Every structure is written in C-alpha cells, then in structure tokens.
Trainee: 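Below is the structure I would like to discuss, written out as structure tokens.
Bear in mind that the values here come from a model prediction, so they are computed numbers and not experimental data. Just so you know, these numbers use all the heavy atoms, side chains as well, and skip hydrogens, waters and symmetry mates.
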Amino acid sequence: MSSSPDDTVEGRLAQVGEQLQIPNNTLQITQVRLNQLSNEPDVDADSLDNVAAAALALSSREDGLPVSEHDIAKAWSELLESDGDIAISHQQLEAVGSYLDIDDVPPHPDALVQGFSEAVDMPEELVNVGHRILHDAFEADPTVVSGGPSPAATAGAVLSLAAIVNGEGENYDQDTLGQASGTNEVTVRNRAHELKDLLGEDRLQRDRYRVAPETDAPDEAAATEASADEPDPTDSESDEQSTAADGAGTAEGGTEASPDTETAADDDGGAVADTEKYVETVTSMYPDELPTTTGVADAHEESEETVGDALEHLADNGTLQRKRAGSVVVWIPAEQDGVGTDLTVDAVETEVDALVEELGIGASTRLLARGMVSDAVDDVDVEDAAQLAGATVVAASRMEDGDVDAVEVADRREFPPRVLAQWLDTLDEAVDVEIPRREPGEIVDDLASELGISEEIREESRRSLERYDPTESGTGYTAAELGAGAVVFAATVNGTQLDIASLGEVSGADPNYITDAMNSIVVSLCLGLVRGDIDYADCAWTTDLLESELSPDIGDSYTGRVIALAKTYTAGREGRHIDDSTLDVVLGEE
C-alpha cells in the first residue's frame, strides 16, 4: 500500500475526500465527529481508520452524496501502510451512528431514488435516467448536491427531471413526487430547477437522459438497433430533412423544400403549415413590435396552436430565435442579437396594465408603477415581465399607502411571493424612490396579532432576530421569511405547534423558505453560542438543546449537525470543550 504524505487518520480523511470529490462541508463535520469518536472508550487506535471511514460514509449519506461505501473503503485502504483493508458494513454504520446519537442510518441517495420511484410506479428506464442525473450533478458540482434542503428532496427532483425531459412530467408530477419523498411540491420543484441550472438545459436534452418512446430504452441504445434499411443517422442534413418531410414530399413545383419553406409537422406527422410566410411576418414586425405567437397568428388569421407549432419548428431548425421579453415569448430572425430594452419595457408595462385592471387599482398607482419600469429596465436584466410588473405595482401601492397584497399579486402570476420581495430590493437600488418596507420584527408582531401567538413566543422571536447573524448561515431571506422563521423556532422551543401554512398566508412567505430561514436562524444561534457571542445562561433554548428535545423538530441535515456541535460544546461545560482547531473548522464556510 502507498504511504500518505500525512500519515494520520485526519490526513487520510482529507485525501479520500479530495479523491472522491467530497465537499469541505461534509469533511468538516466528519472531522468533528472523528474527534468525538476518538474519545469513546470502545474506539481504540487500531480501529480508528475503520470508524473514521464509516463516519465519512454516514456524513456523505446525510448530505445526499451518491458516494458508495465501497469507493470510500477502497480509497481509504489504498492509503494504509499495513496490509489490512477497510470494510464498511451496514452493521458498522449502525454502530458508529449510535456513538454519534444518530438513531437510524440514513439511506443511500441511490436507494432513495429507487424507493421513491417504486412508490409512484415509475418505469425502470426512467429511474435509470434519474440515477444518471444525480451522479452527473455530483460530478459537475458536489456542493450543489450537498447544499440541497435534504437528500429526499434531491431524489425527488432527479426523478422529476427524468420524467420531464422524457415528456412524462404530467404522469409523474412534482406534487406526487413531493408526497412520495416526504417533502412537498414546492421543494421538489425548487430543487429540480437548481439541478437543471447546474447541468444546463442543452445537456439534459442529450441521448444520455432520453428514453425512446417505442422501446422504453435509452435513445442511444435504440439507435444501435436500427435496421439496415432505415436512413443512416450520419447522412447529410438534406437527407434527414427529406426523410422528416416524408408525406409532405417536395415543395410546390417538385423541388425540394428549403429550411425556410419547409412544412412543419404536427404530433401525428401531418403537415400543419407552410412556414415561409411566418418567417416573412416575423421579419417585417421586428423590431418595431413584438413578434409574439398571438401577433403572428392574428396577422395570418390562423389559430395560435397551428402558428405556435410552426414557429417552434422554425426555432428548432435555427431559422428563428425563441426569446423572452419578460414573460412574453418573442420570435425574432436568427441573425438578430436579441430582444431590445424598448421591447422589454413594453412587455412589463403591458403586464402592469393587466395587473392594475385585475386588482381594481386606481389610475395614479398605475402611472406610478409604469413610471418605475423604464428606469429599472435600464439598470437590471428582466427575465420575467410579470415579476417586475408585480413589484412595481406593490411598490407604487405602498408609496401611496395602499393595501395591495403581495401574496395575491404573486398568486395571480404564479410565482413565489419572495420574488416580489427580491424585486423590491432591486427597485430600491435601480429606481430613485423610497419604497416602504416591513422589517422582520414587524412580521413577528403581525403574526402574533393575526394568529393569537403568545407574548412569550413573540418576545423570543424578536430576541432570536436580534441575535441572528445572516453571515453565519444563509443569506437572501426576505423579511417575511425571517419573521415567520423566528416565530417557528420560538414556538418549537416553547413546545407550541404552529401551522406553517397559516404563517405563510399571513406573512406572505413561502412555507418552504420559512423552514429554511428558521434553519438559518438556528445555525446562527448555535454558532454564536459555541463562539461565545451568546451567553449560555441567557438562552431559553439551551436546556432543550442539551437534552435533545429540540433536535428532532428542527433542521435539515446541516442544521442537525450544527445542533450536535452545540451539544458537544455545552457538554464541555462539564469538562469536554471543543479545542480551538475544531472550532475553526466548525466556523468555516458551510
């Protein structure tokens, strides 16, 4: 066996982590656990490597990393000078878990994917795609995988993506997968978006993630089984187009159709429209007006469905570009650079007018909202016109002491209320106006008043917010999320059950983000306690924390580990303090 440059258990832990791409987060908590385990009387020096490898496997499972125990054991064994090999069994995981107060060994992420797929009767071919997505995401950026709300959410998300990229999203929807994974629709959807952004939409369209509809086998496998009399997939583009157009034949006059004049086909293979006229219409409209599907369809007095299919076809073959001006889909000629600012302003102002009419808002608020649009668009990128429009309407209403409900605005355009809070922050910087904003403490007061929450919980919520340091764990939470998260934490400490959905309705915060914000508050408080910024005797929650009454009800896997570290610290009041080097690890980046 080869000798390691740092021939210690800690050194081998670091080297195995580097070899297997295990994030620093996971290595840090494993290091802390290793320090704890080394103090156990039943753990001697001869068994410490086996115990450390098992601890790494446990931490990796908790973080949802698709790293096998076999790979950990093999990598660790290669670093040992002796002839002994590392072996990690389920019984060993259970034994190490009991030392660490882990009641149940977390399932391996691959097992979660398999189990959830069986719960929704997903075919094995799609499940295999889900496994590929999980492992490819880990290879692309392990920290994104470990940074999810839970391994269950990640498992549900990869199955959702596998279904969506294969046109099965309706059959295996995110609500169903949320229930199967013990999370919820919002959590699965948000996690799927994160993984989709990581891998990229183009990559997800590759054969690696596709299942052939005729055989339920991966496309790349199906391609190798094509019969000899079928067209060679390596033939020229013109042959491919000729085959695809079979049934439509050639263009009028017997000549072969060019890309601009070819005929698009509907889902049943029939011709739907001669596309050249749509290209001409889009070219004539742009850039003076938005060439939307509706606009092009109106110009030809044809159905939007027919025209939409044709425009999608033209975008697929590169004749047109499919762009977004805010929430509006715009079709522009292939040679153009993109949608201009003027068109984006037009799209946002159109959304403002629509929202004002739906909400029955006065003309002065409408004018004020429209007045903010051009200034904002000049300084920031607009991905969704409805989001910016909603933010300007809410801002204008608040500036006029109106009572427009941000939650209702978000619901009408089907995006999370937190998006409006984020856009209001952006407007504060981009537009020279002062927009009234609510602080987290005000949210706490509103929740206490509306839901009849006790004065004790209200005071503890405010106290937690005063001690909260967003730089310790997580940033970017809205006032509504932090206020509601503080209330959930204070109520949990108090032993009071609160309905998070009700908190969300009153505060305007997404329940999923309320939980995340609460976790961030817990992490900040625990680290403040460990670091000495918060006095042990001045915390209403330390007794519950030390007696393990708080842990089962609070936190994702990372939060649970930080609580465990706080327990170790508080136990140190009786002689088992964590040393400075370990504290440096704990206080490092999450």
Trainee: Do any N or O atoms from the side chain of S397 and from the backbone of V393 form a donor-acceptor pair under 3.5 angstrom?
Mentor: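 Not confirmed, S397 side chain does not pair with V393 backbone.
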Trainee: Between Q205 and D202 (side chain of the first, backbone of the second, donor and acceptor by atom type, cut-off under 3.5 Å), is there such a pair?
Mentor: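 It does not hold such a pair.
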Trainee: Please confirm whether the backbone N or O of E168 pairs with a side-chain atom of N166, one donor and one acceptor, at under 3.5 Å?
Mentor: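 Judged by distance alone, no pair lies under 3.5 Å.
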Trainee: Quick one: does any side-chain atom of D499 pair with a main-chain N or O of A501 as donor and acceptor, under 3.5 Å?
Mentor: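 Checked: pair present.
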Trainee: Check the side chains of S464 and S461 for a donor-acceptor pair under 3.5 angstrom, ignoring hydrogens and angles.
Mentor: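 Note: S461 and S464 side chains miss the donor-acceptor criterion.
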Trainee: So, the side chain of S524 versus the backbone of S520: is there a donor-acceptor pair under 3.5 Å, distance only?
Mentor: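 Not a single qualifying donor-acceptor pair exists.
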Trainee: Can you measure from NE2 (H300) to CG (D298) and round to the nearest 0.5 angstrom?
Mentor: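 One gets 10.5 Å once the value is rounded to the nearest 0.5 Å.
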Trainee: Could you tell me if S449 and D446 have a donor-acceptor pair between their side chains, going purely by distance under 3.5 Å?
Mentor: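 No donor-acceptor contact under 3.5 Å links the two side chains.
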Trainee: What is the distance from atom CG of N519 to atom OH of Y513, rounded to the nearest 0.5 Å?
Mentor: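 So the CG of N519 and the OH of Y513 are separated by 13.5 Å.
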Trainee: Is there a donor-acceptor contact under 3.5 Å from the side chain of T283 to the main chain of V279?
Mentor: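 Side chain of T283 to backbone of V279, a donor-acceptor pair under 3.5 Å: yes, one is there.
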Trainee: Answer yes or no: is there an ion pair linking R191 with E194, defined by an N-O contact shorter than 4.0 Å?
Mentor: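 Salt bridge between R191 and E194, a charged N being under 4.0 Å from a carboxylate O: yes.
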Trainee: Between E459 and R462, is there a salt bridge with N-O shorter than 4.0 Å?
Mentor: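 Salt bridge: no.
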Trainee: Ignoring hydrogens and angles, state whether a donor on the side chain of D353 or T350 is under 3.5 Å from an acceptor on the partner side chain.
Mentor: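 Looking only at side-chain atoms, T350 and D353 do not form any donor-acceptor pair under 3.5 Å.
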Trainee: Before accepting this row, confirm whether a basic side-chain N of the pair E139/R132 lies closer than 4.0 Å to the acidic partner's carboxylate O.
Mentor: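 R132 and E139: not salt-bridged.
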Trainee: Could you tell me which residues satisfy salt bridge (charged side-chain N to carboxylate O under 4.0 Å, His left out) with E358, sequence neighbours excluded, listed by chain and number?
Mentor: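 Residues passing salt bridge (charged side-chain N to carboxylate O under 4.0 Å, His left out) with E358: R412, R413.
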Trainee: Can a donor-acceptor pair be found, under 3.5 Å and without considering hydrogens, that links the side chain of E357 to the backbone of A354?
Mentor: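 Not a single qualifying donor-acceptor pair exists.
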Trainee: So, do L199 and I133 sit near enough that their side-chain heavy atoms are less than 4.5 Å apart?
Mentor: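 Counting from C-beta outward, L199 and I133 do come under 4.5 Å.
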Trainee: Taking CD in E455 as the centre, count heavy atoms belonging to other residues, nucleotides or ligands within less than 6.0 Å. Is the count above 12?
Mentor: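 Yes - once you tally the heavy atoms of other residues, nucleotides and ligands closer than 6.0 Å, there are more than 12.
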Trainee: Could you state the interatomic distance from CD1 (I435) to CG (D428), rounded to the nearest 0.5 Å?
Mentor: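 Here the rounded value is 4.5 Å.
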Trainee: Ignoring hydrogens and geometry, is there a side-chain-to-backbone donor-acceptor pair from T392 to A389 under 3.5 Å?
Mentor: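 At least one qualifying donor-acceptor pair exists.
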Trainee: Looking only at side chains, do Q174 and S160 share a donor and an acceptor under 3.5 Å apart?
Mentor: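 Checked: Q174/S160 side chains pair up, N/O donor to acceptor below 3.5 Å.
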